[in-house]
Amino acid sequence: MVIPSLIQHKRDGGALSPDDWRRLIADYTADKVPDYQMSALLMAVFWRGLTAEELGALTDAMLDSGDRLRFDGFTMPRADKHSTGGVGDKVSLLLAPMVASCGVAVPMMSGRGLGHTGGTLDKLEAIPGFRTGLSLREARAQVERIGCAMLGQTPEIAPADRRLYALRDVTGTVESIPLIAASIMSKKLAEGLTGLVLDVKTGSGAFTPEPDRAVELARTMIGLGETRGCPAVSLVTAMDRPLGRACGHSLEVEEAIEGLSGRGPEDLMELTYALGAEMLVLVGATRDRTEARARLEEAVSTGRALETFGRVIEAQGGNPAVVEDPSILPQAGAVEVFRAPRTGVVSAVEPRRIGAAILELGGGRRTMDDTIDPAVGFVVTVKPGDRVREAEPIASIFARDAAGIAAGTAALHEAIVVAEAGRLSPLVTHRVTARGVELLAGPTGAG
Ligand code: URA
């Protein structure tokens with residue numbers, strides 16, 4: 001294979017053949033194609049897109065670069081949820097144990113932080129001892145035993161995506177619908193699922209900010225799932241402000257524990273229940289979403305969901321006492337309150353700025369090999385549309401030291417805008433299925 005010609009062909013708007021994609025991905029995974037050539041090709045895909053045939057071939061090649069979770073002889077329905085990435089999005093931490101507590105197995109495979117967004121694996125690893133690198137054998141055994149495993153992409157699962165994902169993160173090639181779709185679906189199709197629910201983010205903090213592109217991404221992924229034996233449903237949800245209040249790894253684990261205890265912020269709980277209800281209905285565990293929601297609420301109110309989370313933590317080497325005592329989580333060296341700069345209405349809480357600030361504070365990766373500080377981040381207690389008075393506490397900054405507090409303060413001055421007016425856009429705007437797109441709420445907040 002002559003890689004420079006393939007790059008040029010793609011750069012100039014041509015399509016590579018399924019065989020080109022298969023060999024390219026196999027050779028990249030075998031270290032026969034260097035990162036610099038793959039980066040150039042990714043950039044060409046970023047600008048030129050992929051045909052449907054190329055997208056299918058790329059996804060299959062990434063999926064086939066590794067092994068799959070096999071559930072032969074295991075009769076329980078299996079569901080997972082995947083989000084396209086956001087700031088403060090700790091839904092997976094709540095959802096996996098909640099759904100598992102309702103009799104649906106959740107073999108949840110997640111990724112690390114990408115760009116300005118946080119990753120579920122990084123959040124889980126904030127829990128002292130928690131091991132996300134389960135082998136497929138261990139994952140299956142754990143799913144059979146306690147109904148849930150929360151793992152990362154071990155070398156066995158879509159290794160091509162594992163490397164491409166890290167490469168895209170540092171080469172400005174994240175925000176591409178075909179690359180995101182192939183990345184997510186190559187992992188999800190390896191999980192041996194009965195059904196998949198996709199949370200596709202829209203708004204300024206999303207990889208697909210425009211609602212139309214978010215819907216297109218949802219349809220693209222659903223199409224890949226349906227044609228490969230994995231029924232999928234998607235909700236398009238707001239990422240023009242952080243989800244919940246906590247942003248940063250330890251802080252988000254703590255908020256997830258609050259949610260599993262029934263005390264989570266309203267938007268986080270709303271979205272978690274909405275996605276969980278889709279999961280239960282999709283795999284036939286309940287008749288409709290109303291019944292599904294009641295089952296999920298019961299799993300929380302009876303303490304079963306929190307107990308399941310504790311069992312997952314224990315099974316994966318983490319300290320389960322964290323569910324009773326979140327102070328076990330890594331704690332920031334310096335904490336400071338952030339106050340409203342003026343009286344008015346919050347018009348923006350910019351997730352990208354907050355995500356970038358977490359990176360500046362040491363909580364994200366600048367290069368593929370960086371280690372992250374799980375303790376840093378923000379708790380933002382206001383949303384767009386909230387009225388605030390000058391000097392009222394509206395956030396807290398968690399940093400390593402005084403310099404981090406100064407950087408965090410400057411970031412919040414940019415991220416949180418207090419003006420004359422502002423409004424909260426609807427949390428869930430579209431429901432996308434293989435049959436079509438339902439508009440649940442318009443951009444003005446109607447519905
Ligand atoms: N999540 C993924 O798994 N892959 C992407 O490309 C973006 C978000």
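For ligands, and for the atoms within them, numbers begin at 1 and follow the listed sequence.
For the side chain to side chain contact (heavy atoms under 4.5 Å, CB included) test, residues two or more places apart in sequence or in another chain that qualify with Val281 are Thr286, Arg289, Ala292.
A salt bridge is absent between Glu254 and Arg263; no separation between the charged side-chain nitrogens and carboxylate oxygens falls under 4.0 Å. Between Asp122 and Arg365 there is a salt bridge, with a side-chain nitrogen of the basic residue lying less than 4.0 Å from a carboxylate oxygen of the acidic one.
For a heavy-atom separation below 4.0 Å, the residues in contact with ligand 1 are His82, Thr84, Leu114, Tyr165, Arg168, Ile180, Ser183, Ile184, Lys187.
Using a distance-only test at 3.5 Å, with no hydrogens or angles considered, no donor-acceptor pair links the side chain of Arg311 to the main chain of Pro320.
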Practice item. Could you please spell out the steps behind the side-chain hydrogen bond (donor to acceptor under 3.5 Å, both in side chains) verdict for Arg241 and Ser425? Key: CA-CA 9 Å; Arg241 69 277 184 171; Ser425 62; 2.8 Å; yes
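Taking the six-membered ring for Trp and the full ring otherwise, the centers of His249 and Phe398 sit at least 6.0 Å from each other.
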